[in-house]
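Here's the structure we're looking at; comments come further down.
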Amino acid sequence: MNTLQKWLGPVLFCTCLGGGLTLGWSATTDLNKKRSSEVAVLQNALYDQECGSCHFAYQPGWLPARSWDKIMTGLKDHFGENATLAAEPQRQLTDWLRVHAADHAQGGKIQKMVRSIPAQATPIRITEIPYFQKEHRKLPLRTWKENPQVRSLSHCATCHPQAKEGSFDEHAVRIPNFGPWKD
Amino acid sequence: MKSLFILIGWCCLWVVPVWAGPTQTILEGYRAAGAGDFSAARGQALYHKSFPGENPHEQRQCITCHHKDPKQPGQHPKTGKRIPPLAPSADPARLQDPAHVEKWFERNCTWTVGRSCTPQEKGDFLTFLLAL
């Protein structure tokens, strides 16, 4: 009883301090993630080669696993083009995309984006996702659709110069023929 | 003396194709698959030829994506992505990897022409690019 009383104070103190520190730490990291408009950049030469020759090599973090599955099983008619792969790269890339898909994002814009997708929907375009459309709704058509140097919102890197590095900050946007974006 | 030069010249004739490397190997593959002599003019004609697309007024050509001058970079019509020039004289990385060449012939011929290209057509086309 005596020893318990003697230890209870310090133990409680330490527990509270530890807990408080942990809470404070996770709150700041969450805050950082919420502010950032970044997506994880993963090096994969096979992916760049196979999925980066017709368009920007979209990071796996932009779509949930079910979307990548649907894309990878439909490569024969991929938006009107034939993007079929040999069996081995097909398997490797499907596994890799699944593992790094958006589903498990913790905080930040990516989690917001995943939440904006209705549970029963399996979008095969990033540009179809409600969150993406909301972020780009202020862009007049003349800045992209009618802009011969852009044409499609799918070409992320034409306006986001650091897209390849995973950074899509709106302050860094430069639209060809229009220059920096002022909100 | 004269015969020595002839001998050296004769050797060079053989050495050059061997040095030319992977692209020549690809062409030999087409010959082994039954193609005859290759013609750069026929290759050029294929490059510019129009084929009917899926929609009534859509026309598809190799130069829908590649530049009409193969020494210039092209642009993908839908995504806007730059496609480096096809001519090896403008981009030395071109036509070096047989698997890459075959994969893209298969994709681009089915999309543009509506079927796979024959070994003859592929050989003509590469011969056209090599002559630039």
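Residue numbering restarts at 1 for every chain, and letters A, B, ... go by the order of the sequence lines. No experiment lies behind these values; they were computed from the predicted model shown. Side chains are part of it too, since the values below use all heavy atoms of this structure and drop only hydrogens, waters and symmetry mates.
With sequence neighbours excluded, the residues satisfying side-chain contact (heavy atoms from CB on, under 4.5 Å) with Glu165(A) are Gln162(A).
To the nearest 0.5 Å, the span separating CD on Glu81(A) from OG1 on Thr110(B) amounts to 9.5 Å.
For Glu54(B), the CD atom counts as loosely surrounded, since its 6.0 Å shell holds 12 or fewer non-hydrogen atoms of other residues, nucleotides or ligands. Within a 6.0 Å radius of CG in Asp37(B), other residues, nucleotides and ligands contribute 12 heavy atoms or fewer. Atom CZ of Arg115(A) has 12 or fewer neighbouring heavy atoms from other residues, nucleotides or ligands inside a 6.0 Å radius.
For the pair Arg107(B)/His78(A), no side-chain contact is recorded, criterion being any heavy-atom separation below 4.5 Å from C-beta on.
Under the 4.5 Å side-chain heavy-atom criterion for grouping Ile, Leu, Val, Met, Phe, Trp and Tyr, Leu42(A) is connected to Phe168(A) within one hydrophobic cluster. A single hydrophobic cluster is not seen to contain both Val41(A) and Val99(A); linkage of ILVMFWY side chains at heavy-atom distances under 4.5 Å, directly or through other members, places them apart.
Across Ser53(A) and Trp104(B), no two heavy atoms sit closer than the pair OG-CZ2, 3.2 Å. A pairwise comparison of heavy atoms in Lys81(B) and Phe56(A) identifies CD-N, 4.2 Å as the closest pair. Annotation for Lys78(B) and Ser152(A): closest pair O-CB, 3.4 Å, computed over non-hydrogen atoms.
For a residue to count as touching a neighbouring chain, one of its non-hydrogen atoms must lie under 4.5 Å from one of that chain's; by this rule Gln75(B) touches chain A with the side chain only.
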Derivation and outcome, side-chain contact (heavy atoms from CB on, under 4.5 Å), residues Lys103(B) and Glu50(A): CA-CA 10 Å; Lys103(B) 182 176 68 188; Glu50(A) 300 295 356; 2.6 Å; yes

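At least one donor-acceptor pair closer than 3.5 Å links the side chain of His155(A) to the backbone N or O of Thr79(B).
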